[in-house]
Amino acid sequence: MINAGTQAELATSETRPMDEESFYLLYHRTAASLRRYLRRMLHDPSLADDLLQESYLRFLGAKLSPDMCEDHQKNYLFRIATNLVRDQASKRQALPLTAEASSTERLAQRVDQQEDLRRAMDKLKPRERQILWLAYVEQFDHNEIAAIVGARAQSIRPMLWRARANLADVLRSLGFREARR
Amino acid sequence: MRAELNIFHSCEYETALLAGLEQGHVPEELSRHAASCQACADTAAVWNYLHSFVQDPAETEQLPAAGLIWWRAQLAERRKLASRSVASIQIVQNAAIALAAILAIALLAAYSQTFTSIPALLLEGIAAFLFFSVPVAGLLYFWARSER
């Protein structure tokens with residue numbers, strides 16, 4: 001759970017802010033996965049990098065206790081990032097999926113198809129994208145996902161199930177052929 | 001494995017399938033099952049799709065420097081403190097202006113009536129000064145304590 005633990009840890013926040021070394025450790029532990037998440041939600045690498053930096057700035061600005069455990073730190077960061085993505089989404093509309101194939105050039109068509117596949121997640125609702133990524137890639141549990149996206153923990157299970165079914169449908173329609181590792 | 005707890009299981013083999021995907025090896029039997037099970041096929045497709053981004057070479061681009069973010073955070077903190085100091089100076093300035101205005105009005109009122117009311121005017125001035133300066137001083141004191 002994120003809330004109870006975080007609140008307790010916040011209690012000591014005013015006295016000892018995070019030191020530089022602790023921040024570097026946190027950054028190296030979490031930055032790559034947080035950027036992947038932001039990139040999948042935004043499809044704009046430079047914006048994702050901007051929001052990545054903003055997430056850490058807000059994290060540091062919150063002056064959380066250095067005693068906060070690693071899992072809570074990561075949860076808190078993802079929660080900040082999710083809020084930033086939500087703010088961005090309200091500012092600009094998501095890019096549409098390009099469904100039209102270009103006329104003759106095969107190469108261009110293939111690029112389009114790959115791009116369509118990359119953007120398959122855009123067919124889903126923002127929250128579905130978020131919970132799928134948080135569950136399947138970041139492996140957060142239901143309570144953690146609920147805290148990050150701001151939903152009830154009980155609703156995550158059916159939402160996740162629906163999101164998975166929806167994405168699978170989109171992938172099938174785009175001809176995604178899974179390559180099992 | 002935490003992934004086992006995450007997914008809405010509609011097939012009893014999904015946990016094993018996810019475990020296999022995480023470990024990088026899905027047993028032949030499970031692969032055959034997934035081919036005929038909609039829930040497992042969906043799980044495998046979604047898992048593979050999402051993890052294709054994790055393995056994407058584009059994702060290994062250099063991250064923004066941690067030092068730069070730390071420096072920006074320190075700068076933002078200093079700016080915040082500076083703006084608070086400016087705000088407190090502003091409060092004192094406003095209080096001083098208000099006090100001066102009240103005193104000026106009181107003086108004008110007193111001189112316009114008679115020169116005999118000077119002692120009363122002095123008392124009024126002191127009262128007005130205390131009325132405004134004590135709350136301001138109190139505010140500044142508690143603000144300074146909260147900063148520490």
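Just so it is clear, the model here is predicted, and its values are computed rather than measured. FYI, side chains are in, hydrogens and waters are out, and symmetry mates aren't considered; it's all heavy atoms of this structure. We name chains A, B, ... by the order of the sequence lines, and we start the count at 1 in each one.
Rounding to the nearest 0.5 Å places CD of A:Gln53 at 5.5 Å from CG of B:Leu68. The CG atom of B:Leu50 sits 12.0 Å away from atom CZ of A:Arg129, with the distance rounded to the nearest 0.5 Å. Summarising the geometry, atom CZ belonging to A:Arg164 is positioned 5.5 Å from atom CG belonging to B:Asp42; distances are rounded to the nearest 0.5 Å. Here A:Tyr27 contributes atom OH and B:Ile69 contributes atom CD1; the two are 4.0 Å apart, rounded to the nearest 0.5 Å.
The shortest distance between side-chain heavy atoms of A:Tyr136 and B:Thr43 falls below 4.5 Å. The closest side-chain heavy-atom distance from B:Tyr49 to A:Met121 is below 4.5 Å.
By the criterion of side-chain heavy atoms lying less than 4.5 angstrom apart, applied directly or through intervening Ile, Leu, Val, Met, Phe, Trp or Tyr residues, A:Phe23 is not grouped with A:Leu25; the two fall into different hydrophobic clusters. Under the 4.5 Å side-chain heavy-atom criterion for Ile, Leu, Val, Met, Phe, Trp and Tyr, B:Leu81 and B:Trp71 are members of distinct hydrophobic clusters. B:Leu75 is not connected to A:Met18 by any chain of hydrophobic side-chain contacts under 4.5 Å among Ile, Leu, Val, Met, Phe, Trp and Tyr, and they are in different clusters.
Side-chain contact, B:Gln74 with A:Glu20: no donor N or O sits under 3.5 Å from an acceptor N or O.
Heavy atoms closer than 4.5 Å to chain B are found nowhere in A:Ile131, neither backbone nor side chain. Residue contact with chain B, scored on non-hydrogen atoms closer than 4.5 Å, involves the backbone and the side chain of A:Arg36 alike. Residue A:Asn166: no heavy atom, backbone or side chain, is found under 4.5 Å from chain B. Only the side chain of A:Arg172 has a heavy atom closer than 4.5 Å to any heavy atom of chain B.
Annotation: maximal heavy-atom pairing with chain B below 4.5 Å, among A:Asp169, A:Leu60, A:Leu57, occurs at A:Leu57.
For B:Glu29, the CD atom is loosely surrounded, since the number of other residues' heavy atoms within 6.0 Å does not exceed 12. Under a cut-off of 6.0 angstrom, the local environment of CD in A:Glu21 is sparse, with at most 12 non-hydrogen atoms contributed by other residues, nucleotides or ligands.
The nearest pair of heavy atoms linking A:Ala168 to B:Val46 is N-CG2, 4.0 Å. Across B:Lys80 and A:Gly61, no two heavy atoms sit closer than the pair NZ-O, 4.4 Å. Closest heavy-atom contact between B:Leu63 and A:Ala32: CD1-N, 4.0 Å.
Ring geometry for B:Trp70 versus A:Tyr24: interplanar angle over 60°, hence perpendicular rather than tilted (30 to 60°).
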